[in-house]
Amino acid sequence: MGYLFSSFFLICCVFLPSFAFSGPISTHSISPNFTVSNIQFIDYSGTFLLSPNGTFKATIDAKPLSSYFYFSIVHTASNTTIWSANRNAPMSNSDKLSLTTNGLTITNQAGKVLWSTPPLSSEVSAMQVLETGNLMLVDAKNVTLWESPISTHSISPNFTVSNIQFIDYSGTFLLSPNGTFKATIDAKPLSSYFYFSIVHTASNTTIWSANRNAPMSNSDKLSLTTNGLTITNQAGKVLWSTPPLSSEVSAMQVLETGNLMLVDAKNVTLWESFDYPTDTIVMGQPIPVGKSLESAVTGEDMSVGDYLLQLTDSDVVLQWNRMTYWKLSMDTKAYKNSNGAVSLMLMNGTGLYLLAIDGSKVVIKVVFTGPSGFRIGKLGFDGRFSISSFVRNKWMLEFAGPVEKCDIPFICGEIGLCTRIPLMAKCSCPTKFSSQTNRCMPVDSSLSLPSACNATSNGSQLNSLISYLGLGQDIDYFANDFGEPAKHDINLSVCQDLCSQNCSCLAVFHRNSSGSCYLLENQLGSFISTANSENDRFGYIKVLRNFPPQNPIEQKGNRKHHFPIAGLVLLPSTGFLLLIAFVFLAVQWLRKNRLSKTRTAKLARLNSSSSAELQMISIPGIPRRFDYEELAAATQNFKTQIGRGGFGTVYKENNDIEGNGLSSYSSSSEFRLYYFPLIALEMHERRRYLELADPRLEGGVASEEVEKLVRIALCCVHQDPALRPTMANVVGMLEGELPLGEPRVESLNFLRAYGQRFTETATMEGPSSNGATIATYNSLSYISSQQISGPRLYYFPLVALEMHERRRYLELADPRLEGGVASEEVEKLVRIALCCVHQDPALRPTMANVVGMLEGELPLGEPRVESLNFLRAYGQRFTETATMEGPSSNGATIATHNSLSYISSQQISVLLSQPPFPPTQSAPDFTASNFQFIDNSGAFLRSQNGTFKATIDAMRTSSKYCFSIVHSATNTMIWSANRNRPMSSSDQLSLTVNSQPKLVNHSGQPPQFNSDISAIQLSQTGNLVLVDAGNNTLWESFDHPTDTIVVGQRIPIGKSLQSAVSYDDMSVGDYRLEVTDRDMELQWNKMNYWKLSMDPEVVRNSNKAVLLMVMNGTVNSSLSLPSACTAAGNDSQLNSSVSYLKFGPGMDYFANNFREPVKNNVTLSVCKDLCSQSCSCLGFFHGNSAGSCYLLENHLGSFILTDHNKERLGYVKVLVGSSHGNPFGSNKNQKHNFPIAGLVLLPLTGFLILIAFVIIAILWLRKNRLSKTKTVKPGQSNSLLSAELEMISIPGFPRRFDYEELAAATENFKNQIGRGGFGIVYKGTLTNQTIVVVKKITKMHVRRRYLELADPRLEGGVSSEEIEKLVRIALCCLHQDPALRLTMANVVGMLEGGLALSEPRVKSLNFLRAYGQRFTETATMQGPTSNGATIATYNSLSYISPQQLSGPR
């Protein structure tokens, strides 16, 4: 024992010399000659120093799943890093941080310095971590020698900063996590105005400023407290502050998006800069309707200027002094997608978008075509809105509005005349004006320009004679095209009089043709010189001719009698009488409307902009949402009561909107989702059970019955599982054999917390019994007991499989059964269940076999373990560690590592629908297989932006698995590792420290590699990279291309693309794309058949030797445009499938209005066929109403976007595939390459194949003549005819008809010619005179023909009575009225024959017809009948699960 103690003491002395015996982690201060590494403090996550109260800690630690270690200051409670020393030189876990009298130094194992503090002015006495999170080095007098300058991501309250404090860092005091943005207090060059701003680091561009209108000095301070941010000057005056917040601030953060945020202790956002835009927006920043960008005064003065970018509900407009001068929708680069109301503006990497209210529909968009980079949209101080991209350390302009400088209102100053020059503007003064002191003034010195009037007086125009100076012809004003005239149909004299009587009017424009009068008020901008001969507006500027000065005495005498004495008497009297009349009318109006004042106020609010929030979340197809004020107004403040339900009173109003006031659980300010379990608990406590009953039962249920159900249900959701009754006890209580349990309220209090969480706002619309619309205030929202009792992490099917393999079935039984079940019974259930979940559907038993095995009539099936191995992959994911706390008998806390926890099938389905997001980097010792990541379709790694993913998945439709890189959005494979050696789903990909990724098969034999790696990464370009510890690339997939290249990938000389064998077989095929020093060539078996330089669309720029091939921009599509056929043949369409791309409505072609259609009264399909059969046809238009078909032949010109064409729809022919990839394809330069023998043999071979095909077809028809009615199987039409055929029609595929076409063809199913097993057959004639036979599927239960529903493969092995039993029980379970549905006990009784079968109520099942009409899609399958007619089967059997039928529960 003494030896062990001595050893321990020695270790402590060696590794912890500076801590003596006070503990491993120091507080506040550490003295020099101190060395630390992560390994030394690994038990404390690298923490070696705390601030005095432990708020912050100094650590050497790595991020999760990373091998990069950093010396950092971390906020203890949130574990948030606020500062890191060696950001650009990460450490390993054994590299050391040393504190000496000279400062701090980080060195690696080789002694190389990774980071150090700068030279200091004196010797260091201590290193300290303050409560503010600041790391400091101080000397013996406690004078600060060095401190951590710039925080990263987050700063805590009680923080004060000024420019002087961080002058060495240009005022920067906070960085975003990756340093993309920084928070600064700085001034523009040559300016003494300092601003608190967020700046893009790389470009040094300000994207947001706080104190725009109140600049700081370099010594003014920004303070962060728990109340928010405040900027104060030296005198303590507040220059700027955040508004009052809802809770205390815990941190200030700068995100990677450039958003500055204040958050509370729960990381809930209290305030963010994105809600207060200045003159700039960045990618990802939403601008809702009502928000605006305001320009600066100049480049140095950030104060708010005169220009404004405003988002309205229909457009984006630029305004100068509230006058519009530009709209986004008018720009040539803007595309209008829809006519919906705009809710917000958003910019991302692809474009600028105006989004509709639901947030998903694009109303207007501007698409960016330049290289991607950091983008900003900025409203410049010159009035132009521009969008620029920062690429290769310089700004590239991508969009600007307005384009013409002359369209900017103040481009040439007041009354300046702007003359358009391409991309420029020339400024001058109008005629009769000259430039004086940088302003255009009248040439006549006796004339002056007036000032607009203000609230006090019309100063400049009182004692002057008003006249007008004409501007001349071809001069206009920007506001004239965006505003309405003040008056119409008046002459110039009247127009000028209107301006003369208005002291704010400074000029007029008058249109001679229409008599329109435009008044220019308050301030004048620049005028525009136009060359538009159609513009007949003429402008006139108001000028003042001053009165000559008068003698003061004479002037005084004249003033005495200037105003009539009668006016002095009559004006006050008239005003008093008008006031009396106004008061009398107001009183009468108020009396008349006092009863409807509430309704008027509330209904007026419906049309106001205050309902913008409700409109924003209103999505088409989802029920309307009302607020409380709307319902109060609609029901006259809940005045007319028409009934009472279980949860409240029902009111009605004349506009047929019913509102449920819900007296017990209503809220005066919002709608809430109603949490039923909480209400059940509260009704149980009040013993008011009948109020929980469905009011439609109308007294048909007793309080005792409801009480029984409520008490049993509450017992089943006890928080303590030990208090929950077993299923046997539940059945006993339901059947009255056991006394009812008493719910324990203390174990049900968690329902109150759930109720508070789930009570949210909602209003659902639906038809009431009298046809009125019911707007329910408080909806019933249900939650399962599994959700209530918390997460359960054990995957039971895997345990069942493992217990089956060990033959230990009784261990699966509920222990509370206490031996009441035999092992054989559990074995039967487990084996049947496992057979039902075989991965191979062919191994699963039918339902008839399941029933037979359950009843003992059939032997039990043996589960195939090889088809159940997928359960192990699922189990590995769902089995997680959990700790359940609970008091033990002695008061201690029990921490149970619970490996047996259950998860419901509903929870499994939810989790499977939300697979985990793959990581962006994986460290060594990583293993992956398809089974392991089966929920992500084998994806185990993704790029930073999610564009690409690394997967182990099956190659297209085969069972061969490949390790591949896939484009996420299109699911397109761009690179494959093991093309020639496919994997199975259980083979593994391994990444180890000293080797490249290894593909290991189940025999464990990997191929050998010799490279040392540190991580595997997937870049944003789709490049898979192996890097070492220094992030140096060791290997990359771009150096080993397969059959695909992507944007940015380089293919040097000697590299090639090799085709696959087939769509399903990715093995290397016969085709190759080779890059030579002169060209790019396609080869087939080493023989060239195409060169890039031969392509007519290729332009050769020089004759230099080729070094590499690179692609950027947009990747070529698989669709191509055909060329019209020539005399030699239809070359471009020989080896391609013809498809059609559909234009949207409003598109037309110039020739359609000047020629007759090729055909009239034909369907769209016939028109497509006409174009497909003509090689000269390149597109067509089809008129729906007249059936007109216009073919566009030989050449295609430009199309026209018009509002006049609402009836014709256009289609352009495209080719799927190309003859370029075929060495035997048509090529006019190779007309002698085809052997003459082929010209003889090919027609002969084709004729023989045709003879053989006809013989086989005749034999097949004879063999199947008795089963011709079974040609079309249910569901086949839906699989063969997809929605894509609406756009792309391929010759040879079956036609598709809708119900109306079939009804018209059969004269509304009039001519019945027979009856089949599943419906009646009718004869009809299509519009092209084709005779068709239509079968309409019937409903079997109504006709008592149950045997026709049986699976034909049973071949008489089931009786009609058995099917009738199942059908009747199933229909009874689907009754629309819940009161008519069977209980589970009754279902079991009827299945076992103990109870008589119930009769389905057809009236309560009519909703199935509505669902059928919705879910039944029209399909037509073609096949020959005995008389040669075409059979078109209108299949109305569409399957849907009972959950979907019965709706939300």
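None of the values given here were measured: they were computed from a predicted structure.
Side-chain atoms of Ser526 come within 3.5 Å of backbone atoms of Gly413 as a donor-acceptor pair (strictly under, hydrogens ignored). Checked by atom type and distance alone, the side chain of Lys361 never pairs as donor or acceptor with a backbone atom of Gly340 at under 3.5 Å. A donor-acceptor contact shorter than 3.5 Å links the side chain of Asn211 to the backbone of Phe196. Panel note: side chain Ser516, backbone His488; no donor-acceptor pair is recorded below 3.5 Å. In this structure, the side chain of Ser343 engages the main chain of Leu355 through a donor-acceptor pair within 3.5 Å. The backbone N or O of Glu398 lies less than 3.5 Å from no partner atom in the side chain of Arg375, so there is not a single donor-acceptor pair. The closest donor-acceptor contact from the side chain of Lys336 to the backbone of Ser329 lies at 3.5 Å or more, if one exists at all. At least one donor-acceptor pair under 3.5 Å links the side chain of Tyr195 to the backbone N or O of Met302. The backbone N or O of Gly1197 lies less than 3.5 Å from a partner atom in the side chain of Tyr1149, making a donor-acceptor pair. Side chain of Asp315 to main chain of Val317: no donor-acceptor pair is present (N/O by atom type, distance under 3.5 Å, no hydrogens or angles).
The distance from the CD atom of Glu521 to the CE atom of Met323 is 9.5 Å, given to the nearest 0.5 Å. Note that CZ of Phe478 is 12.5 Å distant from CD1 of Ile411, once rounded to the nearest 0.5 Å. Note that CZ of Phe1181 is 5.5 Å distant from CZ of Phe1199, once rounded to the nearest 0.5 Å. Atom OG of Ser514 is separated from atom CZ of Arg537 by 9.0 Å, given to the nearest 0.5 angstrom. To the nearest 0.5 Å, atom SG of residue Cys495 and atom CG of residue Leu519 are 6.0 Å apart. With rounding to the nearest 0.5 angstrom, the NZ atom of Lys405 is 10.5 Å from the CD1 atom of Ile421.
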Steps toward side-chain hydrogen bond (donor to acceptor under 3.5 Å, both in side chains) verdict (Ser209, Ser197): CA-CA 4 Å; Ser209 297; Ser197 307; 3.1 Å; yes
Worked verdict on Asn480 versus Leu520 for side-chain contact (heavy atoms from CB on, under 4.5 Å): CA-CA 9 Å; Asn480 292 339; Leu520 312 186; 4.0 Å; yes
Audit row: Phe385, Leu328, side-chain contact (heavy atoms from CB on, under 4.5 Å) steps and yes/no: CA-CA 10 Å; Phe385 176 65; Leu328 178 64; over 6 Å; no
Step-by-step salt bridge (Lys or Arg N to Asp or Glu O under 4.0 Å) determination, Asp481 to Lys327: CA-CA 11 Å; Asp481 291 328; Lys327 290 183 178 181; over 6 Å; no
Audit row: Phe410, Tyr325, ring pair (Phe, Tyr, Trp, His ring centres under 6.0 Å) steps and yes/no: CA-CA 11 Å; Phe410 213 65; Tyr325 63 92; over 10 Å; no
Working for side-chain contact (heavy atoms from CB on, under 4.5 Å), residues Asn337 and Val363: CA-CA 5 Å; Asn337 283 10; Val363 180; over 6 Å; no
Worked verdict on Thr431 versus Val443 for side-chain contact (heavy atoms from CB on, under 4.5 Å): CA-CA 9 Å; Thr431 56; Val443 174; over 6 Å; no
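Of all heavy-atom pairs spanning Leu379 and Leu309, the tightest one is CD2-N, 3.5 Å. Nearest heavy-atom pair, Ala210 versus Ile231, reported as atom, atom and distance to 0.1 Å: CB-CD1, 4.5 Å. Contact detail for Ala296 and Phe381: the closest heavy-atom pair is O-CB, 3.1 Å. Nearest heavy-atom pair across Leu260 and Leu229 is CD2-CD1, 4.3 Å. Here the shortest heavy-atom pairing between Ala425 and Cys406 reads CB-SG, 3.9 Å. In terms of heavy atoms, Thr280 sits closest to Thr206 at OG1-O, 3.9 Å.
Gln310 and Thr312 form no side-chain donor-acceptor contact under 3.5 Å, judged by distance and modelled atom types alone. A donor-acceptor contact closer than 3.5 angstrom is absent between the side chains of Thr530 and Asp476. Between the side chains of Asp301 and Ser303, a donor-acceptor pair is found at a separation under 3.5 Å.
Residues Phe374 and Val282 meet the side-chain proximity criterion, which asks for heavy atoms closer than 4.5 Å. Contact check for Thr180 versus His200: side-chain heavy atoms found under the 4.5 Å cut-off. Lys365 has its side chain within reach of Tyr353: a pair of non-hydrogen atoms, C-beta onward, lies under 4.5 Å apart. You'll find the side chain of Met216 stays beyond 4.5 Å of the side chain of Trp240, heavy atoms only. In this structure the side chain of Phe194 reaches within 4.5 angstrom of the side chain of Asp186, judged on heavy atoms. Two residues are said to be in side-chain contact when any heavy atoms from C-beta on lie closer than 4.5 Å; Leu1192 and Asn1152 meet this criterion. Two residues are said to be in side-chain contact when any heavy atoms from C-beta on lie closer than 4.5 Å; Cys517 and Pro485 fail this criterion. Residues Leu498 and Ile490 meet the side-chain proximity criterion, which asks for heavy atoms closer than 4.5 Å.
In this view, Tyr276 and Trp208, Pro243, Trp271 satisfy the side-chain contact (heavy atoms from CB on, under 4.5 Å) rule, not counting sequence neighbours.
For the two cysteine residues Cys412 and Cys418, the thiol sulfurs sit 2.5 Å or further apart.
Listed by first and then second residue, the salt bridge (Lys or Arg N to Asp or Glu O under 4.0 Å) pairs that reach into residues 273-293 are Asp279-Lys378, sequence neighbours excluded. Pairs passing the side-chain hydrogen bond (donor to acceptor under 3.5 Å, both in side chains) check and including a residue from residues 411-420, sequence neighbours excluded, read Asp407-Arg420, Glu414-Arg439.
Aromatic ring pairs are classed by plane angle as parallel below 30°, tilted from 30° to 60° and perpendicular above 60°; the pair Tyr477 and Phe527 is tilted.
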